[in-house]
Amino acid sequence: MEHEILNFIEEIIEKDNETGKFGGRVHTRFPPEPNGYLHIGHAKSICLNFGLSQKYGGKTNLRFDDTNPEKESDEYVQSIKRDVQWLGFQWNGDVLYASDYFDQLYQWAQKLIHDGKAYIDFSTSEEMAALKGNLTTAGSDSPYRNTSPAENLDLFERMKVGEFPDGHCCLRAKVDMASSNMLMRDPVIYRIKRAHHHRTGDKWNIYPMYDFAHGQSDSIEGITHSVCTLEFVPHREFYEWLLVNLEIYRPQQIEFARLNLDYTVMSKRKLLQLVEEKHVTGWDDPRMPTISGMRRRGYTPESLREFVKRVGVAKRDNIIEFGLLEFCVREDLNKKALRMMAVLDPIKMVITNYPEGQVEEMKFDNNPENEADGSRLVPFSREIYIERDDFMENPPKKYFRLFPGGMVRLKSAYIVRCDDVLKDDAGNVTEVHCTYIENSRSGNDQSGIHVKGTIHWVSVAHAADAELRIYERLFTDPNPLGHEGVDFKTFMNPNSLTTIHAKIEPALTAAELGVAYQFIRKAYFCLDTEATTDKLIFNQTVGLKDSFKGSK
RNA sequence: UGGGCGAUAGUAUAAGGGCAGUACUACUGAUUUUGGUUCAGUUCGUGGGGGUUCGAAUCCUCCUCGCCCAACCA
């Protein structure tokens, strides 16, 4: 009997369901901080968390971890909600916020203080750092560690009402200054920040730290499996310490390895830097590894989900090849994209034996992968544009395209033979002169001629203009962050964006946002959000695979 | 350096004492009115030493390497 392959988290869940640890419940959560846009790494977490609850008949909450008002905003909240839904997931019930629990959290902090398990510390951050010790030597107690609960309770209240300036003091859990886990050396759990919060406004002068908010939020929501990334492994000890000492419901934290992609960076802080320093045009720049950037680039939710699925879930550090993402995008787009003709780098071809002024409408399949997409008519005439690299005066041995004396099929039209070449003073080819084979028309070819190559074209008289944005990887190094002492921006690819002006077939002037197009033999494209009726702009989503290894 | 986590083809991910499998990549070939797609095939792997065992990627042991932790960030 074939056994379905489970990742290690699914194994934990199935074991929990067998033992009845959570009564068979599976309740996960996706807990972003609204301090930036989501990236493909978050997509892994989203697919994991929502995937788990779908698979085991559970629920997934969307909860914003909004405990640091200085860095968070509603703009980010809105973008995150949009990205999660675009990816194809719907959270359980209302959107939740850690800030919903600020009152409860405050009471729990009071309980800790009351129980002698937390204290107000007036040390400066420098003093605290000094007393913390280091990796090899134990820390020592703060002089404020033994203040009485009553006095601490009073001080905490005064912190809350705004009696002290930012950073004047903080609330620390009383754990163990000698712990080998640095996070257990009396971690700060509340700090003074008289900042405006995107949801609670000016109600609070103090805000809980991540460690004091996350586990309790999980607990309040009845989360069963609290899935997070590896860097939180050392936090688990304190996560559990709090739940035990607060005597509240205990979810289980499980850590997995975050997704990394080669030739890019996957850190909100670094991405924010690229945005703020204008190395990209915004969070949704098509070169960004953000979900919004990929959406604008033409990547589909299906392809992203498939990518995440293929990447797998484990605990070892990884850097996924960009090629896998591109494979998933092509695989999806191949099924959906409408085939169109666009000439990216045009030269003119004159079909000398074709009547001047004559126009024929050529039938063209919209998508050979899906007959239901039907066909359209493409105008053909005496003068057409073809791709500059579809012609070579002195071709290498296995060149299937056009050269003097050679023949090619014009896609969905006639076979032509090259008779002559016109050049400018510099020797550049400016025009190719051909004759067409009259009885070789596509769909009714009685010429009996077999040609190796088929090339695309656009009628000069009917062509429209479009701006095409061609993207390459954002960085030239597979791991821009992996060089100690070298700023990651030194590896930025100066050619990450190339703008070209193409000749496109008339049907493309009706291109719509959100529709995938394949510019035949070249690449997948989509209309950019900046396009207007006067100016067509297309983003190259991903190139077609190219196994031609000839010259170049 | 203390503690924690991890190590299987180029990249990911299975094999849970019994034939090291799958996908992507790369390369071959076939088909093709897209040098796309599709199809067929090839190359490529258990970090190192010792041990247990009929048998080890798997168990034990020593070593090596990588990542994380000393924010009033998350």
Side-chain angles (χ1 to χ4, degrees), chain A residues 3 5-7 11 31-33 35 65-68 70-72 121 123-125 128-129 132-139 166-172 179-185 187-193 206-207 209-211 213-214 228-237 255 257 262 268-269 307 309-328 330-331 334-335 339 341 365 368-369 398-401 408-413 415 442-443 445 450-456 478 518-524 543-550:
Chain A
H3 200 336
I5 293 174
L6 303 176
N7 64 48
E11 286 179 354
E33 182 189 11
N35 67 342
D65 225 323
D66 54 351
T67 57
N68 186 357
E70 288 164 344
K71 293 185 176 170
E72 299 156 2
D121 196 329
S123 306
T124 64
S125 42
M128 273 179 56
K132 198 153 196 171
N134 58 37
L135 296 179
T136 50
T137 67
D166 283 16
H168 186 65
C169 57
C170 61
L171 180 67
R172 292 226 262 168
S179 173
S180 55
N181 181 351
M182 298 298 291
L183 273 145
M184 297 298 273
R185 320 249 264 223
V188 172
I189 55 178
Y190 259 97
R191 73 298 214 186
I192 301 171
K193 270 185 199 290
I206 56 174
Y207 292 92
M209 297 287 289
Y210 163 85
D211 284 298
H214 203 92
C228 63
T229 46
L230 247 30
E231 64 270 28
F232 291 98
V233 169
H235 293 250
R236 190 175 62 234
E237 193 178 357
E255 311 87 9
D262 61 5
K268 272 196 275 187
R269 206 182 145 277
F307 171 66
K309 187 171 157 189
R310 285 172 183 259
V311 156
V313 180
K315 293 188 76 159
R316 76 182 78 133
D317 293 329
N318 60 77
I319 300 181
I320 310 295
E321 290 175 341
F322 210 89
L324 180 62
L325 214 204
E326 294 189 323
F327 168 83
C328 295
R330 287 193 194 100
E331 183 186 46
N334 179 53
K335 293 182 292 196
R339 270 59 173 180
M341 290 204 285
D365 288 335
E369 302 292 318
K398 280 196 170 172
Y399 189 77
F400 299 169
R401 285 108 93 156
V408 287
R409 158 82 59 185
L410 295 172
K411 174 71 180 173
S412 297
I415 292 172
S442 220
D445 185 353
H450 183 73
V451 292
K452 206 69 171 287
T454 299
I455 65 175
H456 59 281
Q518 185 197 101
F519 291 1
I520 212 172
R521 299 209 304 136
K522 285 296 176 182
Y524 293 100
L544 254 31
K545 271 187 72 174
D546 185 5
S547 55
F548 175 56
K549 294 174 270 313

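Note on naming: letters A, B, ... go to the chains in the order of the sequence lines (proteins, then strands), and numbering restarts at 1 for each one.
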| request: Before giving the answer on side-chain contact (heavy atoms from CB on, under 4.5 Å), spell out for A:Asn35 and A:Lys268 the whole-Å C-alpha distance, their side-chain angles and the decisive distance to 0.1 Å. | output: CA-CA 8 Å; A:Asn35 67 342; A:Lys268 272 196 275 187; 2.7 Å; yes

| query | What residues form a side-chain hydrogen bond (donor to acceptor under 3.5 Å, both in side chains) with A:Lys411, not counting sequence neighbours? | reply | none

| field | Selection from B:U1, B:G36, B:A12 that lies nearest to any side-chain heavy atom of A:Asn318 | value | B:A12

Side-chain atoms of residues 228-235 of chain A: list all donor-acceptor pairs with protein atoms under 3.5 Å, sequence neighbours left out, distances to 0.1 Å.
| from | atom 1 | to | atom 2 | distance (Å) |
| --- | --- | --- | --- | --- |
| A:Thr229 | OG1 | A:Glu231 | OE1 | 3.1 |
| A:Thr229 | OG1 | A:Glu231 | OE2 | 3.1 |
| A:Glu231 | OE2 | A:Arg258 | NH1 | 2.7 |
| A:His235 | ND1 | A:Asp211 | OD1 | 2.7 |
| A:His235 | ND1 | A:Asp211 | OD2 | 3.3 |

| field | All side chain to side chain contact (heavy atoms under 4.5 Å, CB included) counterparts of A:Arg316, not counting sequence neighbours | value | none

| What pairs with A:Ser123 under side-chain hydrogen bond (donor to acceptor under 3.5 Å, both in side chains), at least two apart in sequence or on another chain? | A:Asp121

| message | Base contacts versus sugar-phosphate-only contacts with protein, heavy atoms under 4.0 Å: please encode nucleotides 65-74 of chain B as B, S and - from 5' to 3'. | response | --SSBB-BSB

| remark: Where RNA chain B forms runs of at least three Watson-Crick or G-U pairs (i with j, i+1 with j-1, under 3.5 Å), the stems are B:2-7 with B:64-69, B:10-13 with B:21-24, B:26-30 with B:38-42, B:47-51 with B:59-63

| query | Can you name the side-chain hydrogen bond (donor to acceptor under 3.5 Å, both in side chains) partners of A:Glu369, sequence neighbours left out? | reply | none

| message | Which residues pass the ring-ring contact (aromatic ring centres under 6.0 Å, His included) test with A:Phe519, not counting sequence neighbours? | response | A:Phe525, A:Phe538

| task | Establish, from distance only, whether the side-chain atoms of A:Asn134 and A:Thr136 form a donor-acceptor pair under 3.5 Å. | result | yes

| task | Scan nucleotides 20-27 of chain B nucleotide by nucleotide, 5' to 3', and note B when protein non-hydrogen atoms come under 4.0 Å of the base, S if they reach only the sugar-phosphate, - if neither. | result | ---SSSS-

Set out, line by line, the N/O atom pairs under 3.5 Å between protein and nucleotides 30-33 of chain B.
| from | atom 1 | to | atom 2 | distance (Å) |
| --- | --- | --- | --- | --- |
| B:U33 | O4' | A:Thr454 | OG1 | 3.4 |
| B:U33 | O2' | A:Lys411 | NZ | 3.2 |
| B:U33 | O2 | A:Ser412 | N | 3.2 |
| B:U33 | N3 | A:Arg409 | NE | 3.4 |
| B:U33 | N3 | A:Ser442 | OG | 2.3 |
| B:U33 | O4 | A:Arg409 | NH1 | 3.1 |
| B:U33 | O4 | A:Arg409 | NH2 | 3.4 |
| B:U33 | O4 | A:Ser442 | OG | 2.4 |
| B:U33 | O4 | A:Gly443 | N | 3.4 |

| remark: With sequence neighbours left out, the residues meeting ring-ring contact (aromatic ring centres under 6.0 Å, His included) with A:His456 are none

| request: With sequence neighbours excluded, tell me which residues meet side-chain hydrogen bond (donor to acceptor under 3.5 Å, both in side chains) with A:Tyr207. | output: none

| cation_pi(A:Arg401, A:Phe548) dist<6.0 Å, angle<=45 | yes

